[in-house]
2 protein chains.
Amino acid sequence: MARRADHSREELYEIAMQAACEIVEADGYHALTARNVADAIGYSPGTLYNVFANLDDLTLHLNGRTLDALYDRLESSEDLATPEDNLGQLLDGYLSFLEDHRNLWNTLFEYSLPKGQEPPAWYARKVNKVLSLLEEALSPIFPEGNTEAKANAARILWAGLHGICSLSGSGKLQVVTTQPVRAMAEGLLANYVAGLRISGTK
Amino acid sequence: MARRADHSREELYEIAMQAACEIVEADGYHALTARNVADAIGYSPGTLYNVFANLDDLTLHLNGRTLDALYDRLESSEDLATPEDNLGQLLDGYLSFLEDHRNLWNTLFEYSLPKGQEPPAWYARKVNKVLSLLEEALSPIFPEGNTEAKANAARILWAGLHGICSLSGSGKLQVVTTQPVRAMAEGLLANYVAGLRISGTK
DNA sequence: TATATAAACTGAACAGTGTTCAATTAATAT
DNA sequence: ATATTAATTGAACACTGTTCAGTTTATATA
């Protein structure tokens, strides 16, 4: 059988992403195979390759959606009085997203592009969009205009928190500590920001 | 052909680890396959399964060696005046190890045990041994006896630095910043420790 | 020394992976 | 009614980890 046209290319993209999402949520990144997705949407593996360049491409698109969802969750934060409060709120949102979507979040980082390849611009834009929320929260700590220092601090903090979350997610933290992720993340956040406040932010 | 006895089981373990190490150093974790290792040592895949339970087991042992090598590198640090100096020296050692053994270091984290499984005690011991160097360097900041706070801080700092190094190693940092890894790591270290100094360490 | 036992090793096999592509089918344009 | 074009399939390729019956050889026993 061929030329079914049950779905347009756009619909095919949509249901494939949906299926990919469900597969990952249910069984994790390792279960995200071409045949699994194809089975789930009732098409053959080959059809996926009309819509996506390859599985890497599909994964990248899935991760794009996860970043969108993460942004939406974080963006709904209220504007509080101090940077510390705002950052704490962002952290709450981040950790609760992580709890709700462990497997999707893990896929965000377990997957990396083949060596040497860079992600497309639209992907970098989504990451930067999430980071901009962190920059905003850090903003009051830095003097007006020092956008570079602010951007750098946001990325350092993000990477640091990522370390805690990813080691925890892969079970590597449990081996060396009984501290809960939240406590560690709060510890890093509080002390790093305290350090920023007294050090070279001018 | 069978029953060659060219090598004892210990020798087999040794040359397999050697081969695994070279394969990873040369081509990365993804090249660490049973057949690649078997070919490299001139045995069939099946033989590997007499020495190791499975590829996971082999990888875990390889990672154990990497941890040993990392410890040896860090342990050779001198004892300087301030925690800041000692921590800086550890960071230097860590980053230079990372540069010299990118692929081995990546394997340390790209690989995780199947969900639910815990690494054996000897593995946890090796990780804790590396962490003890960090604890030692942080020691003067904490009041005598507060070993738990010290241990916690060491693990938070380690996880944070790990985030920076792993995002960098997988090419994910380059997407959002031009900061060198070293600058980011130093930024995190300096501010986190500064924060520790003024906050609740008593 | 001849024979039985046990251990080491192989290589084919199984079920899975990503990916390609000739062949088929159906919608569309002529 | 016919030719063209595009969508879809499914078999095939080269790879993966892992198992295990069968072969070979070293060692222990008689």
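Order of the sequence lines sets the chain letters (A, B, ...), proteins ahead of strands, with each chain counted from 1.
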Output, in order, the C-alpha distance, side-chain angles, deciding distance and verdict of side chain to side chain contact (heavy atoms under 4.5 Å, CB included) for A/Leu167 and B/Trp158.
-> CA-CA 10 Å; A/Leu167 286 174; B/Trp158 164 71; 3.7 Å; yes
If you take all heavy atoms of A/Ile156 and B/Gly187, which pair is closest and at what distance?
->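 Looks like CD1-CA, 4.3 Å.
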Minimum-distance pair of heavy atoms, taken over all atoms of A/Ala31 and A/Asn36 |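 Residues A/Ala31 and A/Asn36, closest heavy atoms: O-ND2, 2.7 Å.
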Within the 4.5 Å heavy-atom criterion, are [X] and [Y] side-chain neighbours or not?
{"X": "B/Thr66", "Y": "B/Phe97", "result": "yes"}
{"X": "A/Ser44", "Y": "A/Arg35", "result": "no"}
{"X": "A/Leu12", "Y": "A/Tyr43", "result": "yes"}

A/Thr47 side-chain N/O to D/dT9 phosphate OP1/OP2 under 4.0 Å = yes
Roughly how many Å is it from [atom1] in [X] to [atom2] in [N], rounded to a whole number?
{"X": "B/Phe52", "N": "C/dA8", "atom1": "CZ", "atom2": "C1'", "value": "16 Å"}
{"X": "A/Tyr43", "N": "C/dT25", "atom1": "OH", "atom2": "P", "value": "17 Å"}
{"X": "A/His30", "N": "C/dT17", "atom1": "NE2", "atom2": "P", "value": "10 Å"}
{"X": "A/Leu48", "N": "D/dT9", "atom1": "CG", "atom2": "C1'", "value": "12 Å"}
{"X": "B/Asn50", "N": "D/dT25", "atom1": "CG", "atom2": "P", "value": "17 Å"}
{"X": "A/Asp6", "N": "C/dT25", "atom1": "CG", "atom2": "P", "value": "16 Å"}
{"X": "A/Leu58", "N": "C/dT19", "atom1": "CG", "atom2": "C1'", "value": "14 Å"}

Residues of residues 102-110 of chain A with any non-hydrogen atom less than 4.0 angstrom from an atom of DNA chain D: list those, numerically ordered, please.
-> none
Report the relative orientation of the aromatic rings in A/Phe109 and A/His162; use parallel for angles under 30°, tilted for 30 to 60°, perpendicular for over 60°.
->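 Ring orientation, 0 to 90° scale: tilted.
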Taking the inter-plane angle between the rings of A/His61 and A/Trp122 on a 0 to 90° scale, is it parallel (under 30°), tilted (30 to 60°) or perpendicular (over 60°)?
-> tilted
Listed pairs under 3.5 Å, donor-acceptor, residues 123-134 of chain A side chains, sequence neighbours left out:
residue, atom, partner, partner atom, Å
A/Lys126, NZ, A/Asp68, OD1, 3.1
A/Lys126, NZ, A/Asp68, OD2, 2.9
A/Asn128, OD1, A/Arg155, NH2, 2.9
A/Asn128, ND2, A/Ala124, O, 3.1
A/Ser132, OG, A/Lys129, O, 2.6

Checking all strands, does A/Leu12 fall into the base, sugar-phosphate, or nothing category for heavy-atom contacts under 4.0 angstrom?
-> sugar-phosphate
Determine, for nucleotides 12-19 of chain D in 5'-to-3' order, which nucleotides have protein heavy atoms under 4.0 Å from the base (write B), from only the sugar-phosphate (write S), or from neither (write -).
-> B---BBBB
